[in-house]
Amino acid sequence: MNPKEQLDNDIAEPSVVSKSGLIYGLNDKPPVVEAIFVAFQHVLAAFVGIITPPIIICTSLGLDAANTSYLISMSLFASGICTYIQCKRIGPIGSGLLSLQGTSFAFLGPILGVGTVALQKGSSPEQALALIFGVCLFGSFVAIILSQFLHLFDKIITPVVSGTVVMIIGLGLIKTGMISLAGGAVALAKKDGSFGSLQNLALGGTVLLIVLFLTLSSNRFLRMGAIAIGLVVGFIISLFIGIIDFSSLNQLPFFRLPIPFRYGINFDFGAFLPFILIYVLTAIETVGDLTATSAVSGEPVKGGVYIRRIKGGVLGDGVNSLIAAVLNTFPNTTFSQNNGVIQMTGVGSRYVGFFVAGIFAILGLLPVIGGVFQALPQPVLGGATLVMFGSIAVAGLNIVVSAGLDRRSMIIVAVSLGLGLGVVFAPEIFVDKPPIFSNLFGSAISTGGLTAILLSWLLPRSKEEVLVSQENPA
């Protein structure tokens, strides 16, 4: 039996959910109403993460409102297509897990760098976009090629490494969740006293408590709807206290069609170089995300099925990033937020991903609907996402613990967490350094993930560990 046939059989088998505590496992098919209900929670968890990078990039490039709105719509539309591919698994492309695809924050630094240099050389913002989409398109082949050789790194990218990466992802996102709960990055930058106000903390705290209370409920509908209910209650409270602004909806068209290569395409090898390493690092991040998805879905995190899913997922990242560039948006990668939703709702069915994909695609084609989601206050989002981000870190911890913690593993985890989170807590170390340093090592996932891989490769393994790996080959 060839690997594709084997994986198809694995996907077709019913999921065993009793040990994982899931309500619906990977291959279970929830009723349509329940599936849509859970799908909306995944959408709410990932929506802000998808639209934030294009907003930041458009603002930095000085693009007008029409172009900004278009790029946001295309980011959502592309996420829909890419999520379907990742969950469905088309041939060898995709993991076949409930894994969302969205605009990657990891590329933000290099993209802004390329755009800024292009503007300084006299290019228009639209011409800068053509160069950005060009290097992103060609860079996607790095992930596509790398995916075919992941099985060669199974002795390096171990559960300890992938679990550590998942922990770093969750711990690194907690700062984002806390900033949102206190009022958001805009309020923090204004320094007008709104950030951390009692109103914001009370609103975010209320949503957080609602999510916690409902997650612990024995009623499966309340558990599955914990995040959505918390967000709806927060939205209603926000309406009563008057902090929701719908004025931007008047400026949005009702319907918008995608136009491939709308801004053209350009390429520069010097601008392309930093993207090579970023694509490698996001592949590592994808390994961590998909390992966490496998873990919270009650699926294996080692062995042949796991490796084939990881290879398909990384290949999906590459193909999806290529599709995103064609659709005038930025590289796509697997999102870690949905792992928290799986844990909290108890639904790991990949069929939910098809509904998520449809919702994202509709949001991309109907900008007005997306604008309503954009109006959701930051404290409301922060109250819900803070719990999910913490859950991601716990999922990573479970992966590490399940692999066994010997002295070597503890060193890998400790040093990776220290360096990964250290660059986030003390970003000043990159001041007066060449931009490439901050671009490559300015994020927790890039520094911590690379550290974990290098240590796993360089540190000698104990005799017992070598014997175990020989007796239980992947």
Exercise. Do L386 and I174 pass the side chain to side chain contact (heavy atoms under 4.5 Å, CB included) test, and can you show the C-alpha distance, the side-chain angles, and the key distance before you say yes or no?
Worked result: CA-CA 6 Å; L386 191 63; I174 286 176; 4.0 Å; yes
Exercise. After noting the C-alpha distance and the side-chain angles of H42 and V38, does the key distance pass the side chain to side chain contact (heavy atoms under 4.5 Å, CB included) rule?
Worked result: CA-CA 7 Å; H42 282 282; V38 175; 3.8 Å; yes
Exercise. Does the pair L231 and F40 meet the rule for a side chain to side chain contact (heavy atoms under 4.5 Å, CB included), with working shown?
Worked result: CA-CA 11 Å; L231 290 172; F40 268 108; over 6 Å; no
For this session: Apply side chain to side chain contact (heavy atoms under 4.5 Å, CB included) to T334 and T293, showing your working.
Result: CA-CA 10 Å; T334 55; T293 306; over 6 Å; no
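At a cut-off of 3.5 Å, with distance as the only test, no side-chain donor of Y24 or T345 sits close to an acceptor on the other residue. The closest side-chain donor-acceptor pair between D289 and T286, if any, does not fall under 3.5 angstrom. Checking D28 against S349 by side-chain atom types alone, no donor-acceptor pair falls below 3.5 Å. Between the side chains of Q101 and T83, no donor-acceptor pair of N or O atoms lies under 3.5 Å.
Distance check: K302 NZ to I399 CD1 gives 12.5 Å after rounding to the nearest 0.5 Å. The OG atom of S104 sits 11.5 Å away from atom CD1 of I50, with the distance rounded to the nearest 0.5 Å. Atom CG in L61 sits 7.0 Å away from atom OG1 in T116 (nearest 0.5 Å). In this structure, N320 CG and L315 CG are separated by 9.0 Å, a value rounded to the nearest 0.5 Å. For the atom pair L214 CG and S217 OG, the distance stands at 6.5 Å (nearest 0.5 Å). Between the CG atom of L290 and the CG atom of D317 there is a distance of 7.5 Å, given to the nearest 0.5 Å.
Counting only heavy atoms from C-beta outward, the side chains of V352 and P30 approach each other to under 4.5 Å. Using a 4.5 Å heavy-atom threshold, the side chains of Q343 and N339 count as separate. I307 is listed as a side-chain neighbour of K311, based on a closest heavy-atom distance under 4.5 Å. Taking 4.5 Å as the limit, every side-chain heavy atom of P331 sits out of range of all side-chain heavy atoms of T282. Proximity of L131 to V117: side-chain heavy atoms (C-beta onward) are nowhere separated by under 4.5 Å. Side-chain contact between T158 and V161: present, with at least one pair of heavy atoms (C-beta onward) separated by less than 4.5 Å. You'll find the side chain of C136 reaches within 4.5 Å of the side chain of I111, heavy atoms only. Between L63 and L129 the shortest side-chain heavy-atom distance falls below 4.5 Å.
No side-chain donor-acceptor contact under 3.5 Å links T447 to the backbone of G420. Of the possible polar contacts, none joining the S297 side chain to the E299 backbone as a donor-acceptor pair under 3.5 Å is found. At least one donor-acceptor pair closer than 3.5 Å links the side chain of N338 to the backbone N or O of L98. Judged by distance alone, the side chain of N328 and the main-chain N or O of R262 form a donor-acceptor pair under 3.5 Å. Within the 3.5 Å criterion, the main-chain N or O of A452 finds a donor-acceptor partner in the side chain of S416. Judged by distance alone, with hydrogens and angles left aside, the side-chain atoms of S321 form a donor-acceptor pair with the main-chain N or O of N332 at under 3.5 Å. Between the side chain of R408 and the backbone N or O of S456 there is at least one donor-acceptor pair closer than 3.5 Å.
Of all heavy-atom pairs between V211 and G230, the closest is CG2-CA, 4.3 Å. Scanning all heavy atoms of the two residues, the minimum distance from L71 to C58 falls at CD1-SG, 3.3 Å. Between P300 and S294, the closest heavy-atom pair is O-CB, 3.5 Å. Closest approach of I411 and L455 over heavy atoms only: O-CD1, 4.2 Å. Taking all atoms of both residues into account, the shortest heavy-atom contact from I93 to G316 is CG2-CA, 3.7 Å. When all heavy atoms of G449 and V165 are compared, the pair lying nearest together is CA-CG2, 4.0 Å.
Looking at V326, L327, T329, I81 one by one, the single match for side-chain contact (heavy atoms from CB on, under 4.5 Å) with P258 turns out to be L327. When each of F330, F133, Y279 is tested with F107 by the rule ring-ring contact (aromatic ring centres under 6.0 Å, His included), just one qualifies, namely Y279.
Classification of the F354-Y84 ring pair by plane angle, with boundaries at 30° and 60°, yields tilted.
Aromatic ring centres of F272 and F138: separated by at least 6.0 Å.
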